[in-house]
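Some notes on the structure that comes next.
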2 protein chains.
Amino acid sequence: MGSFKGQADYSVDKKGRIAIPAKMRLALRPEAVGTFTMTRGFEPCIYLYPLDEWLRKESQYASLNQYDRRVRHLVRTILMWADEVTLDAQGRIGLSKPLMDYATITARALIIGAMDRIEIWDPDAFQKYLKDQPDDHEALAESVMGS
Amino acid sequence: MGSFKGQADYSVDKKGRIAIPAKMRLALRPEAVGTFTMTRGFEPCIYLYPLDEWLRKESQYASLNQYDRRVRHLVRTILMWADEVTLDAQGRIGLSKPLMDYATITARALIIGAMDRIEIWDPDAFQKYLKDQPDDHEALAESVMGS
DNA sequence: GGAATATTCCCCACTTTTCCCCACTTTGTA
DNA sequence: TACAAAGTGGGGAAAAGTGGGGAATATTCC
């Protein structure tokens, strides 16, 4: 099965809906067709996981010890942003208010395929993110990937 | 049988009632439809467990050694706050006075889905809680979840 | 013990949001 | 160039959230 890749600049309508690029829809596994869980990204963007991928993550959280204060905090601050959504007949999803707010998304959004997830960015926020990163694509690749 | 997730800022009316978000109601297992047990959270909030989940917890407490002073104290301080509630025809529950007091809940409340339970927070208390936590979300996630 | 008062619960009514469906425009392709 | 698929927008029915009246039940006080 394919992983998500590519980018697209799509509109977010007044109802908070955004289309998922057809190419990314096609990369979905049969188990996950039409259902995603969106949640807060580590960066100021929205992460979108296909159902099966998300269930894998959730079962990891479930296995943690809930009597550990740090675990409760982690689970709380991750799950509170999570929202399960389904594609409508036009291949769109509705973004939740809290996440649109967090990612400062308004009329348009950048959709980026990132391996096992899809990321949704406000175009300006993404530019700012790029500017704040050390502009050394090659060195980063070398340090992360080894030689 | 999904787990609870998401957040909502709902009103608490003069009668102490608060609606449970439809999405969370839908995440209930058939055995637990409509019945919850609310109790005091470890944090300054109210924990809300679906019936089946609560019964599981109760049997855990029952299996502890009651001749251990600490066990008796734990069980006592958890159960004294517990209260079984049922959804009314509009999908709401009534919060108990002692718990509203404990969680300093007044006119509005933040409802957070946290895996096997629902948490009810006073909005201000939640902000304060967040501020008091070490803001190392990313590092924590990495250490707890591995990479 | 009984009346006055308070509380709980059930029901109805209103407002807002969500979701389903239809329609149009644009893009890509045969 | 025609056709199909992809992307965009909006109307309207249905559901969700909110507030309050009033009967039934419990509590308090004389």
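Each chain gets a letter, A, B and so on, in the order the sequences are listed, and its residues count up from 1. Quick note: numbers below take in every heavy atom, side chains included, and nothing from hydrogens, waters or symmetry partners.
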In this structure, how many angstroms lie between the P atom of D/dA5 and the CG atom of A/L26, rounded?
12 Å
Heavy atoms, side chains only, cut-off 4.5 Å: are A/W121 and A/D9 in contact?
no
Side chain of A/R25, heavy atoms from C-beta onward: which of D/dA6, C/dC12, D/dG10 has the nearest atom to it?
D/dA6
Between CZ of A/R17 and P of C/dC20 the distance, given in whole Å, is 11 Å
So if I apply the side-chain contact (heavy atoms from CB on, under 4.5 Å) rule between B/K128 and each of B/D132, B/L130, B/D124, which one comes out positive?
B/D132
The nucleotide from D/dT8, D/dG19, D/dA16 with an atom nearest the side chain of B/A22 is D/dA16
Need to verify one output field. Residue with the more 5' nearest nucleotide on DNA chain C, B/K97 or A/K15?
B/K97
Hey, does A/I20 reach any base, or is it just sugar-phosphate, or nothing, if we go heavy atoms under 4.0 Å?
sugar-phosphate
N or O in side chain of A/K14 less than 4.0 angstrom from D/dG10 OP1/OP2
yes
In whole Å, what is the span from the CG atom of A/D13 to the C1' atom of C/dT25?
15 Å
Can you tell me the distance, in whole Å, between the CG atom of B/L95 and the P atom of C/dC9?
13 Å
Tell me: CG of A/D9 to C1' of D/dA6, nearest whole Å?
15 Å
CD on A/Q7 to NZ on A/K23, rounded to 0.5 Å:
11.5 Å
Is B/Q90 side chain donor-acceptor paired with the C/dC10 base, going by distance under 3.5 Å alone?
no
Is the backbone N or O of A/L55 less than 3.5 Å from a side-chain atom of A/Y49, with the two atoms forming a donor-acceptor pair by type?
no
What integer distance in Å separates B/L87:CG from C/dC11:C1'?
16 Å
What is the separation between atom CD1 on B/I111 and atom C1' on D/dA16, rounded to the nearest whole Å?
12 Å
Atom-to-atom span, CG of B/D88 to P of C/dC11 - whole angstrom
10 Å
Looking at B/Q66, is its backbone amide N or carbonyl O close enough to the side chain of B/R72 to form a donor-acceptor pair, meaning the two atoms are under 3.5 Å apart?
yes
